[in-house]
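Report on the following structure.
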Number of protein chains: 2
Amino acid sequence: MNNNRKINDMEAIPSLVQSQRQINRYNLDMDAQAILVASRLMAAGAQLGQASEIHFSRFGLSTGRYRVLADLEDNEGEELPSQLAEHLGVTRATVTGLIDILERDGLVSRRLSSKDGRQRSVILTEEGAKKLREMAPEHFAWLEATVGLLSIDERSVFLDLLGRVTQGISALTEEPGSKPK
Amino acid sequence: MNNNRKINDMEAIPSLVQSQRQINRYNLDMDAQAILVASRLMAAGAQLGQASEIHFSRFGLSTGRYRVLADLEDNEGEELPSQLAEHLGVTRATVTGLIDILERDGLVSRRLSSKDGRQRSVILTEEGAKKLREMAPEHFAWLEATVGLLSIDERSVFLDLLGRVTQGISALTEEPGSKPK
DNA sequence: GAGATATAATTAGGAACCTAACTATATAGG
DNA sequence: CCTATATAGTTAGGTTCCTAATTATATCTC
């Protein structure tokens with residue numbers, strides 16, 4: 001009896017009842033479903049992030065390091081660390097760390113810029129390009145599978161809604177002290 | 001001075017053109033939009049996760065530590081670490097770390113179980129309950145604001161689609177037979 | 001020019017979560 | 001019993017990404 005090991009893996013996912021209960025507890029006037037949607041989105045984001053790291057570890061990469069390689073490939077195989085940071089939405093310090101490992105593994109190389117002594121170009125090596133080629137089929141199949149349960153039309157809708165949620169989050173992070181509605 | 005990095009850099013958001021270009025490069029037969037949706041979802045998840053940490057840091061908490069407090073409150077203020085781990089979807093090792101800090105800050109306390117010598121109950125202290133009360137209005141307003149750009153109906157649709165994507169990810173992470181290192 | 005300021009990249013250290021190994025306790029098989 | 005195994009929680013160490021400070025170079029102002 002003390003051994004109530006639950007079959008309920010669903011416990012990790014917040015329910016509407018739980019959201020409503022939390023709102024009621026403090027007599028707040030809020031839409032419980034809005035709270036639920038936000039909570040679920042956060043849970044989904046965390047889950048996808050973890051799944052992504054596992055996925056890329058099969059290729060000896062991390063999510064961040066893959067994104068560096070892919071972004072380099074999208075830019076003729078050469079970029080500045082600051083450009084990578086901007087494209088990936090991470091700090092330059094993070095890019096330095098990502099490149100350190102990619103360089104150690106021979107997938108990129110660093111080169112001094114002639115134009116500006118402060119800059120260092122990051123170059124996609126042939127080995128890096130080969131890595132991308134080799135993993136492409138499996139990687140894209142994985143990406144496609146994450147949305148495989150949605151129809152084409154539903155994907156469009158989802159993309160639209162997700163875009164607006166992203167906007168909402170952006171607005172929140174840009175105005176730290178402001179008051180919503 | 002306000003050198004805050006914007007989490008929502010437009011450059012960080014993958015475009016359909018970019019997705020199609022990647023697919024074409026390797027002559028893969030895939031739906032570029034599916035790739036785009038998956039990529040955007042990952043970006044949104046990461047963005048929301050970062051925004052969440054910033055949000056909770058205003059209350060001296062992290063996302064994980066808040067979730068511990070909230071889950072305790074939803075369970076009469078007392079739970080086992082293993083229950084918390086299951087509810088939060090994190091490992092027991094992570095729960096140990098979360099509780100260490102919450103206990104240090106006086107928001108929870110640990111108590112030995114009389115039933116089973118291996119168990120330790122985690123208790124929400126009065127100070128912990130007070131913290132939840134104090135932050136509730138601002139916190140729920142923040143949560144609601146993240147989906148504030150969606151109508152009520154759209155939130156329902158989004159919730160449904162998100163649920164199926166989550167299912168898809170679960171299926172992916174459970175199935176692959178290859179052994180992790 | 002010379003000093004102040006801005007910018008590119010790096011370094012140092014921190015926070016969150018993970019896996020794997022460890023400790024202590026409980027339970028099951030012979 | 002008493003050894004073998006399972007379980008609860010913790011510890012140790014790794015990964016990812018962060019902020020803040022540092023180093024080197026460029027640019028603006030006087």
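Order of the sequence lines sets the chain letters (A, B, ...), proteins ahead of strands, with each chain counted from 1. If you're wondering where the values come from, they're calculated on a predicted model, not measured in any experiment.
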* Tell me: CD1 of A/I54 to C1' of D/dG14, nearest whole Å? -> 15 Å

* Asked: Hey, does B/S62 reach any base, or is it just sugar-phosphate, or nothing, if we go heavy atoms under 4.0 Å?
  -> sugar-phosphate

* Atom-pair distance (CE on A/M42; P on C/dC17), nearest Å -> 10 Å

* Are the aromatic rings of A/H139 and A/F59 close, with centres under 6.0 Å apart? -> no

* Do the charged groups of B/D100 and B/R104 touch, with an N to O distance under 4.0 Å? -> no

* Asked: Quick one: A/R118 CZ to C/dT7 C1', roughly how many Å, whole number?
  -> 4 Å

* Asked: Does A/R155 pair with B/D31 as a salt bridge, N-O distance under 4.0 Å?
  -> yes

* **Residue whose closest nucleotide on DNA chain D lies nearer the 5' end, A/A93 versus A/K115** => A/A93

* Rounded to whole angstrom units, what separation is found between the CD1 atom of A/I99 and the P atom of C/dA9? -> 8 Å

* Would you please say whether a donor-acceptor pair under 3.5 Å links the side chains of A/Q47 and B/S170? => yes

* To do: Rounded to the nearest angstrom, tell me the gap between atom CZ in A/R92 and atom P in C/dT7.
  => 9 Å

* Asked: Where each residue is assigned the nucleotide of DNA chain C containing its nearest heavy atom, which of A/Q50 and A/G97 is assigned the position nearer the 5′ end?
  -> A/G97

* Whole angstrom is fine here: how far is it from CZ in B/R120 over to P in C/dT25? => 8 Å

* OP1 or OP2 of D/dC18 less than 4.0 angstrom from a side-chain nitrogen or oxygen of A/T91, does that happen here? -> yes

* OP1 or OP2 of C/dA9 less than 4.0 angstrom from a side-chain nitrogen or oxygen of A/T96, does that happen here? -> no

* Which residue lies toward the 5' end of DNA chain C, A/Q83 or B/R65, if each is placed at its nearest nucleotide? -> A/Q83

* Checking side chain to side chain contact (heavy atoms under 4.5 Å, CB included) against A/V37, which of B/T146, B/V147, B/L143 comes through? -> B/V147

* **Between D/dT15 (P) and A/F56 (CZ): distance, integer Å** => 18 Å

* Asked: Within this structure, what is the CG-to-C1' distance between B/L112 and C/dT25, rounded to whole angstrom?
  -> 12 Å

* To do: Could you check whether B/S82 gets within reach of a base, just the sugar-phosphate, or nothing at all, counting any heavy atom under 4.0 Å?
  => sugar-phosphate

